[in-house]
Number of protein chains: 2
Amino acid sequence: MGRWEPDARGRLAKAALALYAERGYEQTTVAEIAKRAGLTERTFFRHYADKREVLFAGSGELEGRFVGAVAGAPTSAPPLDALTLGLDAVAEMFADQREFASRRQAVITANAELRERELIKLASLVAVLTDTLRSRGVAEPAASLSAEAAVAVFKVAFERWIAPDEERPLAQLTREALAELKAVTSGA
Amino acid sequence: MGRWEPDARGRLAKAALALYAERGYEQTTVAEIAKRAGLTERTFFRHYADKREVLFAGSGELEGRFVGAVAGAPTSAPPLDALTLGLDAVAEMFADQREFASRRQAVITANAELRERELIKLASLVAVLTDTLRSRGVAEPAASLSAEAAVAVFKVAFERWIAPDEERPLAQLTREALAELKAVTSGA
DNA sequence: TCGACGATGTCAGTGACTGTCATAGACGGT
DNA sequence: ACCGTCTATGACAGTCACTGACATCGTCGA
């Protein structure tokens with residue numbers, strides 16, 4: 001194997017993140033990304049469906065781990081407890097990646113199109129979590145609402161985690177956000 | 001006055017919804033929408049920022065009413081009660097539009113790009129609701145989580161409302177979804 | 001009557017994305 | 001050693017969303 005340099009996909013992802021961070025998403029052309037990776041524009045689109053997707057290659061793994069942990073929870077566990085196991089699994093997956101996650105998130109936050117893509121990934125996560133809960137016997141709309149709540153907790157915790165001064169681990173922040181949500185919804 | 005036919009903006013929106021429903025979003029070109037409205041492609045882009053935005057012209061009004069109701073709630077009202085007033089205001093705004101809302105939603109649901117746009121509109125709603133709560137003295141992350149929860153309630157209720165067999169009014173469905181969320185989050 | 005204005009048309013250009021065909025090394029079978 | 005197949009890539013033309021610049025032409029106020 002090796003008529004070409006290895007890991008074309010990874011080189012494209014790295015080049016894209018670097019260029020998006022340097023000069024902005026809109027000011028970067030796919031041709032430039034491909035050139036920096038030593039490839040052509042056409043090859044970029046063979047690896048990634050579009051210009052945004054190159055930043056979201058890892059979202060499938062996140063979804064898989066989250067769902068796996070929820071599905072593996074004891075049958076007796078109530079929905080929010082099962083989802084908590086999923087949140088823990090995701091936090092563990094991110095634990096070593098704060099630096100990368102922070103840089104990537106800065107690029108996404110800076111551009112509306114990228115934010116759209118991020119939101120649909122999270123919506124997809126809500127959808128599969130809802131399905132997972134339903135197959136565990138949770139009825140609607142409790143399943144959807146629990147899944148939405150869990151993802152909201154993740155969003156809030158993640159945002160805090162990558163903040164400059166933050167030192168607490170992601171797992172702790174998800175637990176705190178979850179406790180906060182419970183307080184808000186039971187208090188009113 | 002009228003050197004041109006009136007309401008070019010409305011004609012474009014109507015033509016776009018019709019064509020998206022007939023042959024699908026991707027199979028419709030902006031030139032075709034403009035032609036059906038008796039205008040040119042360039043004029044379409046003077047009225048709408050892009051091909052998707054033409055379906056979301058009313059989102060500003062929804063945001064305004066929701067926020068207005070929350071901001072107008074008694075100062076003493078806890079966050080979720082204030083948000084409930086917002087949900088009621090939005091339900092009232094939609095009351096007469098079930099038919100239109102349903103057709104529009106079918107188009108959006110059928111296409112990933114349109115779903116992305118819808119999600120970012122909802123995210124924007126969460127953001128302004130969060131700001132509104134914060135200016136009412138609600139701390140973070142309670143403000144964000146309450147806003148996320150309220151919008152999740154709206155999503156779930158709206159989806160049920162436009163379902164074929166559903167007969168209950170939207171306002172009732174939002175109240176039921178809210179009660180369900182409270183049950184889920186307090187039970188675990 | 002005239003000039004500013006506002007909504008539209010016209011046209012050329014950029015860049016994302018796609019379909020199609022060509023190329024060249026790797027690999028397995030004979 | 002040869003040959004056919006497979007796979008990742010390149011080359012190229014084409015469509016369409018979207019933008020900037022300039023022209024046109026009723027309308028309205030001075």
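Here the structure is a predicted model, which means the values were calculated and not measured. Every chain is numbered from 1 and lettered A, B, ... according to where its sequence line falls, protein lines coming before strand lines.
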Below the 4.0 Å mark, does [N] have OP1 or OP2 next to a side-chain nitrogen or oxygen of [X]?
X	N	answer
B:H47	C:dA7	no
A:T43	D:dG10	yes
B:T40	C:dT8	no

Assuming nearest nucleotide by heavy-atom distance, tell me which of A:R42 and A:T28 is located more 5' along DNA chain C. A:T28
In whole Å, I'd like the distance from the [atom1] atom of [X] to the [atom2] atom of [N].
X	N	atom1	atom2	value
B:E53	D:dC18	CD	P	10 Å
B:N111	D:dA17	CG	P	12 Å
A:R52	C:dG15	CZ	P	17 Å
B:F44	D:dC18	CZ	P	8 Å
A:E41	C:dG15	CD	P	10 Å
B:F45	C:dT10	CZ	P	16 Å
A:K51	D:dC18	NZ	C1'	13 Å
A:R117	C:dA16	CZ	P	14 Å

Are B:L122 and B:F158 connected in the hydrophobic side-chain network, where two residues link if heavy atoms are under 4.5 Å apart? yes
Starting the side chain at C-beta, find the nucleotide from D:dT9, C:dA16, D:dA11 nearest to A:T29. C:dA16
What contact category does B:A8 fall into here, base, sugar-phosphate, or nothing, at under 4.0 angstrom with non-hydrogen atoms? sugar-phosphate
Can you establish whether the number of heavy atoms outside A:Q27 located under 6.0 Å from its atom CD is more than 12? yes
Does A:R104 make a cation-pi contact with A:Y20 (under 6.0 Å, within 45 degrees of the axis)? no
Kindly give the heavy-atom pair with the smallest separation between A:W161 and A:L173, and that separation in Å. CA-CD1, 3.5 Å
Any side-chain donor near an acceptor of the partner, A:S144 and A:E140, under 3.5 Å: yes
Please state whether the base of C:dG6 and the side chain of B:R46 form at least one donor-acceptor pair under 3.5 Å? no
